[in-house]
Colleague: 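Here's a structure for you.
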Amino acid sequence: MATKTSRLSRNPSLSREDCLKYRGKWVIVSMTDGRVLASADNELEVAKQVDVLGLSPREYVMEPIPECD
């Protein structure tokens, strides 16, 4: 389940280009370097990608990227 507050402010942040590229999508962001590891249109689909990648919850943050700029 997604959290109501973003955790990206305490971790590496997405670049402006990534924010624009993934606008309106859910993303999996690496905790170590802020790279987008996966993206999908909804939370369930991006969570499935986490399972496929075999990531530990300590390795990523799952975040929605807002539609607005």
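Throughout, numbering of the chain's residues begins at 1 and tracks the sequence.
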Colleague: Do you know which two heavy atoms are closest between Gly54 and Glu59, and how far apart they sit?
Modeller: O-OE1, 4.3 Å

Colleague: Out of Val61, Val36, Asp18, which residue meets the side-chain contact (heavy atoms from CB on, under 4.5 Å) rule with Val27?
Modeller: Val36

Colleague: As an exercise, state the distance from CE of Met31 to CZ of Arg58, rounded to the nearest 0.5 Å.
Modeller: 10.0 Å

Colleague: Show the nearest heavy-atom pair for residues Gln49 and Ala38, with the distance to one decimal.
Modeller: OE1-CB, 2.9 Å

Colleague: Between Val46 and Met62, is any pair of side-chain heavy atoms under 4.5 Å apart?
Modeller: yes

Colleague: Looking at CD of Glu43 and CD of Glu63, how far apart are the two atoms once the value is rounded to the nearest 0.5 Å?
Modeller: 10.5 Å

Colleague: Evaluate the side chain to side chain contact (heavy atoms under 4.5 Å, CB included) criterion for residues Tyr60 and Val29: first the C-alpha distance (whole Å), next the side-chain angles of each, then the deciding distance (0.1 Å), finally the verdict.
Modeller: CA-CA 5 Å; Tyr60 69 90; Val29 181; over 6 Å; no

Colleague: When rounded to the nearest 0.5 angstrom, what distance separates CD1 in Ile65 from CH2 in Trp26?
Modeller: 9.5 Å

Colleague: Within the 4.5 Å heavy-atom criterion, are Leu37 and Leu55 side-chain neighbours or not?
Modeller: yes

Colleague: Could you tell me the separation between the CG atom of Leu20 and the CG atom of Leu14, rounded to the nearest 0.5 Å?
Modeller: 10.5 Å

Colleague: Between CZ of Arg23 and CD of Glu67, what distance do you get to the nearest 0.5 Å?
Modeller: 7.0 Å

